[in-house]
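Counting starts at 1 for both ligands and their atoms, following the listed order. For the numbers below, each heavy atom of this structure counts, side chains included, while hydrogens, waters and symmetry mates do not.
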Amino acid sequence: MPSIKDNLRGVHERIQEAANRSGRPASEVSVVGVTKGVPLAKVQEAIEAGVAIFGENYVQEALDKIEGIGRRAAWHMIGHLQKNKARDAVRFFDVIETVDRHELAEILDRRAESEDRMLEVFVQVNLVKEDSRFGVDPDKLLFLVEDIAKRTHLRMMGLMTIPPFFEDPEKARPYFRRLRTLGEAVRLEGLVGRERMEISMGMSGDYEVAVEEGASIVRIGTAIFGPRVHT
Ligand SMILES: *Cc1c(COP(=O)(O)O)cnc(C)c1O
């Protein structure tokens, strides 16, 4: 079985090649190692191999790992966040990538205030019409971003999306392109907390296409850690 270190090297090589194809510096792309279903020992191994950011889908599952690893890595919440988990999410995660409604922005802002911290957030966008999955509708995106920009303890960092699953990653390309275009529109409104607008898109099966289309963050689980026991 290839080691996490070998896998990670392969991922970075492919990111480099995809960046070259689209004339971007590969240094613009960060890898989030997705650790749902991955035991602590493997997370340790990934840190030693050079992974600096991890993504978790479930607050409860993340807590043990974050306590085990401590602050040697940054932690991104990449799963759907329920209100009743907002307090723990704000305590343990560095970044929440899945803000998709005003109610959640409001509660995160309040929790961040009581923890006396600035919380970095991404807005999750749902680009699949007629689909009940999580994420804000593109028509309502600017309204939500404006709301976040006004809040005193949230910093708007960028956009995140999960396209539908396709066997052929080329089919995901229009979704990636769309998110990048939306990101550009948000940036032009001057509502982003920093100069750069982060674009989180691309997973093990399609991250090369995502990088070609402008991803600045790719979220990679199985291509680094191997198949999951559960998801
Ligand atoms: C599980 C998950 C990933 C990683 O998926 P892989 O296909 O294992 O790379 C990325 N993003 C989100 C939101 C996920 O839930």
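Within the structure, the closest approach of Glu97 to ligand 1 does not fall below 4.0 Å when heavy atoms are considered.
In the vicinity of Gly221, heavy-atom distances shorter than 4.0 Å reach the ligand 1 atoms 4 (C), 6 (P), 8 (O), 9 (O). Interface atoms of ligand 1 facing Ile162, defined by a heavy-atom separation under 4.0 Å, are 13 (C). Residue Ile220 has at least one heavy-atom neighbour below 4.0 Å for each of these atoms of ligand 1: 9 (O). Ligand 1 places these atoms under 4.0 Å from at least one heavy atom of Asn57: 14 (C), 15 (O).
A salt bridge links Asp6 to Arg9: one of the charged nitrogens lies within less than 4.0 Å of a carboxylate oxygen. Taking a cutoff of 4.0 Å between a charged side-chain nitrogen and a carboxylate oxygen, Arg14 and Glu17 do not qualify as a salt bridge. Salt-bridge check for Asp94 with Arg71: passed, with a basic side-chain N closer than 4.0 Å to an acidic carboxylate O.
Within a 6.0 Å radius of CZ in Arg101, other residues, nucleotides and ligands contribute more than 12 heavy atoms. Crowding of Phe143 atom CZ: a count of heavy atoms from other residues, nucleotides or ligands under 6.0 Å not exceeding 12. In the displayed structure, Asp116 atom CG is contacted under 6.0 Å by at most 12 heavy atoms of other residues, nucleotides or ligands.
Arg21 meets the salt bridge (Lys or Arg N to Asp or Glu O under 4.0 Å) test with Glu212; sequence neighbours excluded.
Residue Met203 holds the heavy atom nearest to atom 3 (C) of ligand 1 of all those in Met77, Met203, His80.
Protein heavy atom in closest approach to atom 6 (P) of ligand 1: Ser204 OG, 3.5 Å. Here the heavy atom of the protein found nearest to atom 11 (N) of ligand 1 is Arg219 NE, 2.9 Å. In terms of protein heavy-atom proximity, atom 14 (C) of ligand 1 is nearest to Lys36 NZ, 2.9 Å.
Between Trp75 and Phe54, the distance from one ring center to the other falls under 6.0 angstrom.
Under 4.0 Å from ligand 1, heavy atoms of Ile78 appear from its side chain as well as its backbone.
The shortest N or O to N or O distance between Gly205 and ligand 1 is not under 3.5 Å.
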